[in-house]
Each structure stands twice: as structure tokens, then as C-alpha cells.
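Structure record follows, encoded as C-alpha cells.
Quantities reported herein were computed from a predicted structural model and do not represent experimental measurements. Just so it is clear: chains get the letters A, B, ... in the order the sequence lines come, proteins before strands, and each one is counted from 1.
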Amino acid sequence: MSHYDFCCQNVGRPVKIVTHDGAVHRGVIRGVNRSKVFIDPLDAQRGIGGYGYGFFGYGRGLGLGVALGAIATIAFLPFFFW
Amino acid sequence: MYEMSSYHELITQLGIDYTHPGGKAATQKWVKQIPENLENVLEVGCGTGETLRNLRHQTAAFLYGIDSSAEMVSKAKAKTSHLHHIEVMQQNIEDLLFTHQFFDLIISESVLAFTPIDNCLPKLTNLLKPNGQIILLEMAKSQTLPHIAEEKMKIFYQFPQLLSKEDWLKQLLDNGYETVYIEKVEKETKTPVTLPQHLSIDMLQTLNQHYQFNTEYAHDLHTYLFIAKKRGDTHDHTRN
């Protein structure tokens with residue numbers, strides 16, 4: 001399955017994306033187009049003690065865009081609720 | 001500074017099924033073990049009603065579900081309306097409207113941990129028949145959890161207390177349960193969760209905070225399944 005197809009089928013799901021340059025992105029898939037997948041990041045910098053500044057510099061509703069061509073692996077992020 | 005939404009608001013707004021550790025697999029683990037010939041079963045914090053639906057296939061008992069959230073109650077009602085002998089009600093665990101020794105089985109899937117246990121467990125126990133069972137699927141801290149993390153989590157999740165496995169066991173024994181079965185349960189769910197579109201920034205922030213806590217303290221927080229039987233009448237000295 002192409003990364004594009006995977007992303008289309010899994011909108012709303014938390015994933016871990018590793019790009020060819022070794023960068024790791026964790027977040028919830030919000031949307032996808034032919035060139036990019038957009039995620040709402042789950043990011044430690046905004047985590048514990050990290051709030052209080054201009055949260056989500058990506059623009060609301062868009063999320064962080066990751067080029068599909070840059071993706072090495074994409075997998076579901078283990079998740080649960082208490 | 002952003003006002004973070006509460007974890008409870010997040011769970012309510014997500015409205016997803018099995019919002020407890022281990023998800024559906026954890027529910028199925030105990031559902032298959034419930035005793036036969038039950039008359040009345042109560043699930044506290046029934047959420048969207050998925051566990052009630054699972055129970056329906058397993059027992060002919062009358063099933064009662066309560067939840068403190070009106071939104072969850074209406075979801076659970078809609079989901080179970082086609083099933084027989086199920087009643088879902090908006091009730092708070094702290095002022096339950098059932099009679100003494102009414103239930104054969106009471107279930108809490110990650111609900112009791114969010115309540116003042118010293119107050120709520122005796123109330124639930126009072127509703128159980130002698131030899132009735134309680135099933136708890138609950139969070140337990142290990143001794144390695146840093147104190148500061150525990151304090152932060154109490155604030156974030158609004159936990160009145162955070163118990164260890166031993167603390168849970170003591171609570172059960174002190175409340176007159178015997179033959180307590182304990183099993184560690186995998187927290188993470190096998191099936192990927194699907195979150196709704198259009199979560200507000202507040203909600204995403206709360207979701208992220210939740211994720212960060214559980215990534216950072218993954219090895220210090222566990223989930224246990226407790227199945228405990230209330231002592232029978234012959235041992236119940238309060239009734240002599």
C-alpha cells in the first residue's frame with residue numbers, strides 16, 4: 001500500500017512517521033493530498049510544562065505537513081486512555 | 001496562557017468506545033469469566049455502552065449502566081436501545097440510587113480510580129449481594145513513579161488518589177472481599193484508535209498532555225484486572 005493510500009485510510013488515527021532523513025513525527029492524521037500528509041502533532045515540547053506559548057505554530061486545522069515522498073515508514077502509534 | 005480542557009471533557013468529546021486501558025481486548029478478558037445465573041449487573045461509568053453490549057451476549061441478567069455524563073448516557077442509550085433488559089441512567093457513583101445488596105456483579109473499567117475510593121468502594125460493596133463479585137480494570141502506579149509526576153497526574157486527571165497494586169488489594173480486603181484474582185493487563189490497544197475530526201486546540205493540547213505523561217511514565221504506570229468476591233453472609237458479622 002502506498003503512503004498516500006495508508007494516510008487516506010487512516011485519517012483520525014495516531015501515527016509515527018519516520019522520514020528518510022531520520023526525523024520522527026508523531027501525531028494524528030488530519031488530512032492528505034497528493035504531496036503531503038497533515039498531522040496534529042503529539043510533541044513532547046508542547047507536553048509537560050510546555051504550554052503557555054503560541055501553541056501549534058502550524059495554523060489551526062492544517063496541522064504539520066510531511067511530504068509523502070520523504071516518508072520512510074509510517075505506523076500506528078500505540079495509544080490508550082485511562 | 002491556554003486554558004487546558006479537562007481530561008474528562010476530552011474523553012466526553014472524543015466519544016469513542018472502550019476508553020479504558022487495554023480497550024476491547026481487556027473487556028473481553030473478563031467478560032468471558034463472569035459467573036452464570038446472574039440476576040442484576042451494574043457497570044459504573046458505562047461510557048458509550050460498548051461493555052454493556054458485550055455483556056448482553058454473555059449473560060441473561062438485567063444490565064444497569066450508569067454514567068455521570070448526560071452526553072455519554074444518551075450515546076449509551078442509543079447504542080443499547082434495541083437490546084433487552086438494559087437500563088442506562090445518569091447517576092453519580094457517589095450517590096447511587098440502588099438498594100442494598102441488589103447486584104450480583106459490579107464492574108468498573110477505569111472509573112473507580114477517578115473517584116474518592118475510600119468513599120466509593122464501600123458504597124459499591126454495599127450494593128453487592130453476599131458472594132457477589134466486583135470486577136475492576138484500573139490504573140496502578142509502581143514505586144518507581146516520581147512523586148512530582150504523581151502530583152502532576154493527580155491534577156491533570158483529577159485523581160483524588162493514585163493507588164499501587166498493593167493499595168488496590170488492601171482496599172478490596174479491607175472492604176470485605178476475599179479470593180481476589182489479579183492479572184496485569186496490556187495498556188495499549190491492539191486496534192488503532194480513531195479520533196474525531198475537528199477537535200479544538202484545547203482538546204488537542206489535553207490529548208497531547210495525556211500522551212506525553214504516558215510516554216514519559218510508561219514503565220511506572222500499569223493496569224490490573226481485579227476480580228474479587230464479597231464475603232458470604234455466614235462471615236458477615238455485621239448482620240449477626
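Under 3.5 Å, the side chains of B:Asp95 and B:Gln91 contain no donor-acceptor pair of N or O atoms. B:Thr27 and B:Glu109 share a donor-acceptor pair across their side chains, judged by distance under 3.5 Å alone.
Residue B:Leu137: no heavy atom, backbone or side chain, is found under 4.5 Å from chain A. Looking at A:Phe79, the atoms closer than 4.5 Å to chain B (heavy atoms on both sides) sit in the backbone and in the side chain alike. Neither the backbone nor the side chain of B:Tyr18 comes within less than 4.5 Å of any heavy atom of chain A. Of the atoms belonging to A:Ile29, not a single heavy atom falls under 4.5 Å from chain B. For chain B, no part of A:Val15 is nearby; none of its heavy atoms comes within less than 4.5 Å.
B:Lys29 pairs by the salt bridge (Lys or Arg N to Asp or Glu O under 4.0 Å) definition with B:Glu183, not counting sequence neighbours.
For the pair B:Glu94 and B:Lys123, the salt-bridge criterion is not met [side-chain N within less than 4.0 Å of a carboxylate O].
Remark: side-chain polar atoms of B:Asp67 are paired, donor with acceptor, to backbone N or O of B:Cys46 under 3.5 angstrom.
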